[in-house]
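As a basis for the values below, the full set of heavy atoms in this structure was taken, side chains included, without hydrogen atoms, waters or symmetry mates.
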Amino acid sequence: MRKQTKLVAALSATALLALGASAVVFAAGWDNSTGAWQYLDSEGNAITDAWRKSGDYWFYLDDDGNMATDELIQDDDDYYYVNADGAMVTNQWVALDADDSSSDNGDAEYRWFYFGSDGKAYRDKGSNSELTVSDLKTINGKKYAFDADGKMLYGFVDADGLSIYTADDEDWTDAEYYFGGWNDGSAQTGWVQLTVNTDGISSDDDDDKDDNDTYWFYMNSNGKIQKNKKKTINGATYYFDTYGRMIDDWSTASKDYTGEVSTSSDIVYTNGDGATRKNQWIWAVPDKNYDEGDYNDDEYSWWWAQSSGKLFTNGVKKVKGKTYAFDGKGRMLTGIVVEDTNNSETKYSMKQKGGYDGDDWTDLEGDDFAKKDLDGKKVYYFSNDEEHDGSRKTGYQNVEFDDDTYQMYFKSNGEAEKGYVSKIKKYCANGVVLKADSDTSNYGVIEDADGKHDSTGKTVLYYGDDLDASEIKNGNYVLVNTAGTIQKNAKNKKDSNDVYYYTNKDGVVTYAGDKLFTGKKNDSDYKEVGAVVAGSDTVYYVEK
């Protein structure tokens, strides 16, 4: 059987077309007495549906016995093409009207065929119509694929069934290969930028993208689209989603490569050029699925990409000589940070509740933070200059709380001091330097477990009118001024609330009251104040 088609174009002319009606002399058997070339058998009958050779060329006799010209010939399971002179085409591309070759032509105006050295059209002969690498044909250094009818495949091609999809077709996402436009068809390799229809792709439903948007794809040497994988290209690491689109922001670093990241176990950031960031800082808003709150608020944070590309999360890390803290999602923390080694998900947090929806520690008033029982958790301070610093700080730091700015002190390892700090000769509670608040009084007293400048015990700031004689008797309070300096050997120091203080050589309060301390008396003109010098039974009196 045969199929008639119209020849539109050929990449090269048939070599030495020598069979023009007036130029070709046929061997015995050829006859054109009817005005059409035929091949007669020994009995003078025209041969039909068969090939006959003349010189170096083969010619096809149709079912009327006439030599076919400008036709696609199907002979058994193979396809051939004869040119305008009727000669079989070999080693040549031929373009046929798309309407003549098949109805399944997509947006192609023509369909290309390639006829090999034996005149047979290259075509897919797989029994299951599945395109594999072995089905690709190399022609002039490029690779091509053909369907079962010999038509060159182009555009997005589904390996199972060899369906052709254009970039405007939603079903392009089913394709495994990309072979360029209908007038090219060679397997595309390396980077290819394409505008495709994203309507119906669930991950883009809520994006600010049009139904048609442009993406980068990467094809291997056989034109196969790199889907759902990580790939190193020219030394840089790239991630491609399940459709083959290069991911240009957040991605997962293993298993399913998508932009819909939801866990911190292997998150990476690829930035606008698609190359994974490694050993460097990232200033970015998180993916919507990773932290919807920050995404909706357009909240930027600093993140640190490790040598693997994965974000550093839930810990403290030294970067270029400075130390930084990161929460469970990998955001660099600033300000007051509390370490909770018992919380595997959020070891370091600026939040009081340890999660992501609590209040910052600095939302407390400074005195309340100082009195907060942190159950042994360590306190650190990281620069509040989030955009330019964020590193851990040591020594004296001025920290802003809800009500005011408080002076704090931190060890050389960044841990907040507590109790008596011999280096600065002052008391701290959760890092807050304890000192009298001038708005309340110019002197304050600090509870000390044994009056000997305890560095581990509970330290709380009080004022004289909060104490009674029985508390002072225990010798557990130390007098400090508005700078937090211990007041040693004080003699009737009067605070702004008219409270008088006596202290010993260590600054321990031995007397606090609203009367001047006058010393020991045994006279009816004096009254016992109920206070004693710490560690003795000597009774002191003040005037009635």
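A side-chain hydrogen bond (donor to acceptor under 3.5 Å, both in side chains) with Thr237 is found for one member of Lys231, Arg277, Lys278 and no other, namely Lys278.
A donor-acceptor pair is defined here as one N or O able to donate and one able to accept, closer than 3.5 Å; such a pair exists between the side chain of Asn497 and the backbone of Thr440. The main-chain N or O of Ala490 is found under 3.5 Å from a side-chain atom of Thr503 such that the two form a donor-acceptor pair.
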For Tyr477 and Glu447: C-alpha separation, side-chain torsions, deciding distance, then whether side chain to side chain contact (heavy atoms under 4.5 Å, CB included) applies. CA-CA 5 Å; Tyr477 294 93; Glu447 181 180 3; 3.8 Å; yes
Any chance you could lay out the side chain to side chain contact (heavy atoms under 4.5 Å, CB included) test for Trp304 and Lys317, step after step, and finish with the verdict? CA-CA 9 Å; Trp304 176 254; Lys317 186 173 183 64; 3.4 Å; yes
List the steps and the verdict of ring-ring contact (aromatic ring centres under 6.0 Å, His included) for Tyr269 and Trp302. CA-CA 12 Å; Tyr269 186 73; Trp302 281 109; over 10 Å; no
Test Ser383 against Lys393 for side chain to side chain contact (heavy atoms under 4.5 Å, CB included), laying out the working first. CA-CA 7 Å; Ser383 171; Lys393 301 304 177 183; 3.6 Å; yes
Go through the steps for Gln407 and Tyr396 under the test side chain to side chain contact (heavy atoms under 4.5 Å, CB included), then give the verdict. CA-CA 7 Å; Gln407 187 179 59; Tyr396 280 112; 3.5 Å; yes
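A salt bridge between Asp327 and Lys351 is absent, with no side-chain N of the basic residue lying under 4.0 Å from a carboxylate O of the acidic one.
Applying the 6.0 Å contact sphere to NZ of Lys372 captures no more than 12 heavy atoms from other residues, nucleotides or ligands. In this structure, Lys425 places its NZ atom where only 12 or fewer heavy-atom neighbours from other residues, nucleotides or ligands lie under 6.0 Å away. No more than 12 heavy atoms of other residues, nucleotides or ligands lie within 6.0 Å of NZ in Lys224, so this atom counts as exposed by the packing criterion. More than 12 heavy atoms of other residues, nucleotides or ligands sit less than 6.0 Å from atom NZ of Lys377. Shown here is Asn413, whose CG atom has more than 12 heavy atoms of other residues, nucleotides or ligands within 6.0 Å. Counting heavy-atom neighbours within 6.0 Å of Glu400 CD, excluding the residue itself, gives a total of 12 or less. Surrounding NZ of Lys347 are at most 12 heavy atoms belonging to other residues, nucleotides or ligands under 6.0 Å away.
Classified by interplanar angle (parallel below 30°, tilted 30° to 60°, perpendicular above 60°), the ring pair Phe179/Tyr177 is parallel. By the 30° and 60° cut-offs, the orientation of the rings of Tyr238 relative to Trp191 is perpendicular. Note on ring orientation: taking the six-membered ring where Trp is involved, the planes of Phe156 and Trp172 are tilted (angle from 30° to 60°).
Cation-pi geometry between Lys329 and Tyr290 is met: under 6.0 angstrom from the ring centre, within 45 degrees of the axis.
How far CG of Asp363 is from CH2 of Trp361: 11.0 Å, rounded to the nearest 0.5 Å.
A pairwise comparison of heavy atoms in Val478 and Ile486 identifies CG1-CG2, 3.6 Å as the closest pair.
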